[in-house]
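Numbers restart at 1 for each chain; the letters A, B, ... are given by sequence-line order, proteins then strands.
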Amino acid sequence: MSKVCTVVHWFRLDLRLHDNYAFRNALNEAENRQYLLRPIYLVDDDITRKIGVNRLRFLIQSLQDLNSNLKKLNSRLFVLRGKATEVFPKLFDDWQVKYLTMQVDIDPVLVEQDEVIEKLAEEKDVFIVRRVQHTLYDVHSILKKNNGSVPLTYQKFLSLVSNIQIKDSIEITKKVPDQCNPVDIASNEYNVPTLNELGIEENSLGVCKYPGGETEALKRLNIYMAKKQWVCTFEKPKTSPNSIEPSTTVLSPYLSHGCLSSKHFYLKLKSIENEMSHSQPPVSLLGQLMWREFYYMAGAGTENFDKMVGNPVCTQIPWGKNDEHLKAWAEGRTGYPFVDAIMRQLKEEGWIHHLARHMVACFLTRGDLWISWEEGAKIFEDFLLDYDWALNAGNWMWLSASAFFYKYFRVYSPVAFGKKTDKEGLYIRKYVPELKKYPTEFIYEPWKAPKTIQITAGCIIGEDYPYRLVDHDKIHKENIKKMSAAYKVNKEKKSLKRKLK
DNA sequence: ACCCTAGTTGTCTAG
DNA sequence: ACTAGACAACTAGGG
């Protein structure tokens, strides 16, 4: 007896049912051809080495939510363990797969993997459908529109996409017919793994401020979209990096995992903006989505986008190496309370405000520690719930003045910057509790506090809280000179290249 | 080739 | 609370 054929939808960074064209495609195909439908997710065996614990928790929660939403459609999520390139050849045979749907991704590791999968599928006669649904625009067609070169300014990017229409978002409500479900539909073999099963002590993790999942994403989106006045007056630079509760939406982790469709978000914003006057890109909420598109396009069109060497858009800067300083930065013990508070919030909660990212990124690179942005990007990859390959590399290059942004002499002060929105240092007191009792006068510069005050506040600088690693006022000026020299060399190289042509 | 303009979000001081 | 200028002078894109 020949087995019934199967349609597989491979969930990756599209952990949702709304606005998921690729999944709808699979569902329709299974129904029309009377094939079996298996929505799958692959968990790599070394996942715990690749993803930080907070993000792993977010992912597992997202998978659980996806599974329960699929169950409402009379289906389920089939979670499989192993590497895609090893799992698929077996699946193709075992399940008689005829049709595989998935979304298009940009991360070169995934792109490379997809090429292998595509080849394997071809050999086994599996038809693959890939849909652009993680971004608003098909980045490759934008690049083509710009004669194959990457626009290096946001405004240029906006002009390229200005007349592209965004299609409607879709809702999937149709239930999967019983005959499309395989016999092992209820098997525990395919359950979403728990954190404990992955070797993570769940109660060793901090409070979960941002639970993963499509349900949570849409709930969060709707809360913010209900505040129409807030949406329409939103200007990113005017939001606070150090408020105790986030001053922005924190939808980014949901976008990066695909729990929220960027297109769904975009269309909501558009319909609100149609009703009243509103702020504009780059500072508006819609402008934030456009930044995401901008970096996706840059990432897709640039070789070695996540590295300095061999990256054509990245200025080559002779960064130093200092593992002690790097570690202190990552662990929130630079001796600059604002920087340390941010890094500790990042590690504990997995999310920090965009401007807080500016502060610590500038501090690590061109501002103070003179350490490569690649090192910072790796730490962010570990800690951020909203880690996103293209955005992470792009923003790190921006902040280190390696690409997209060039005014390297504008340096964030670890003392002055935070004071603008938090004079009392309430944010520092929360995340660096050893300084909780410091007088406001010294909360941003505790090393200036007289010994008697340090004793009264119960925190001796150099013992209970570190002495500052560097003297910002002095070192940032030296670093500006180094940047200037690096730019000069870069310029000479460029003009030499032009002459050679 | 050259010049001009604009660029998501700096800091500090003086008024 | 705000605005303007000094600081020292960046690059990409467009004309």
I want to check one thing: is the phosphate of B:dT9, taken as OP1 and OP2, less than 4.0 Å away from some side-chain N or O of A:R410? yes
Once you apply a heavy-atom cut-off of 4.0 Å, does A:V411 come out as touching a base, just sugar-phosphate, or nothing? sugar-phosphate
How long is the line joining CZ of A:F294 and P of B:dG7, in whole Å? 14 Å
Any idea which of B:dT11, C:dG14, B:dT9 is nearest the A:K156 side chain? C:dG14
Are there more than 12 heavy atoms of other residues, nucleotides or ligands under 6.0 Å from atom NZ of A:K227? yes
Please measure how far the P atom in B:dA6 lies from the corresponding atom in C:dA9, and state the result in whole Å. 22 Å
Residue pair A:L152/A:K407 against DNA chain C: nearer the 5' end by closest nucleotide is A:K407
Whole Å only: how far is the CG atom of A:N395 from the P atom of B:dT8? 13 Å
Closer than 4.0 angstrom, basic N to acidic O: yes or no for A:K430 and A:D422? no
Please report, rounded to the nearest Å, how far the C1' atom of C:dT11 is from the CZ atom of A:F404. 12 Å
Answer with base, sugar-phosphate or nothing: what part of the nucleic acid does A:Y154 contact at a heavy-atom distance below 4.0 Å? sugar-phosphate
Whole angstroms only, please: what is the CG-P distance between A:N147 and C:dG14? 11 Å
Determine whether the aromatic ring centres of residues A:F11 and A:F23 are separated by less than 6.0 angstrom. yes
In whole angstroms, how far is the P atom of C:dC10 from the CH2 atom of A:W398? 18 Å
Identify which nucleotide among B:dT11, C:dT11, B:dT8 has an atom closest to any side-chain atom of A:K491, counting heavy atoms from C-beta outward. C:dT11
Measuring centre to centre across the rings, with the benzene-like ring taken for any Trp, is A:Y137 within less than 6.0 Å of A:Y296? no
Work out how far the P atom of C:dG5 is from that of B:dT8, and round it to whole angstrom. 22 Å
Kindly say whether the aromatic ring centers of A:Y254 and A:F58 come within a distance under 6.0 Å. yes
Rounded interatomic separation in angstrom, taking CG from A:D473 and P from B:dG10: 18 Å
Sugar-phosphate, base or nothing in reach of A:K488, heavy atoms under 4.0 Å: nothing
Pairwise P distance for C:dA8 and B:dC4, with rounding to whole Å: 23 Å
Looking for any heavy atom pair under 4.0 Å, which part of the strands does A:K419 touch: base, sugar-phosphate only, or nothing? nothing
Return the value, rounded to whole Å, for the distance between atom CD1 of A:I480 and atom P of C:dA9. 10 Å
Length of the line joining A:M483:CE and C:dA9:P, which is rounded to integer Å: 13 Å
Answer for the Watson-Crick or wobble partner of B:dT8, both distances under 3.5 Å, is none
Is A:K420 close enough to B:dT9 that one of its side-chain N or O atoms is under 4.0 Å from OP1 or OP2 there? no
Where the side chain of A:Y406 is defined as all heavy atoms beyond and including C-beta, which of C:dG14, B:dG7, B:dT9 is the nearest nucleotide? B:dG7
What does A:P151 touch in the nucleic acid at a heavy-atom separation under 4.0 angstrom: a base, only the sugar-phosphate, or nothing? sugar-phosphate
By a 5.5 angstrom centroid cut-off and a 30 degree plane limit, is there stacking between A:Y408 and C:dC10? no
Check whether any side-chain nitrogen or oxygen of A:K494 sits under 4.0 Å from OP1 or OP2 of C:dA12, and answer yes or no. yes
Sugar-phosphate, base or nothing in reach of A:E235, heavy atoms under 4.0 Å: nothing
Could you check which nucleotide pairs with B:dC3 in any of the strands shown, counting Watson-Crick or G-U wobble with both distances under 3.5 Å? C:dG14
Could you check whether A:Y295 and A:D388, counting side-chain N and O atoms only, form a donor-acceptor pair closer than 3.5 Å? no
Where the side chain of A:F409 is concerned, which of C:dG13, B:dT8, C:dA9 is the nearest nucleotide? C:dA9
Can you tell me the Watson-Crick or wobble partner of C:dA8, both distances under 3.5 angstrom? none
Taking 4.0 Å as the cut-off, does a side-chain nitrogen or oxygen of A:Q155 come that near to OP1 or OP2 on B:dT8? yes
Go through the side-chain N and O atoms of A:Y412 and A:H358 and say whether any donor and acceptor fall under 3.5 Å apart. yes
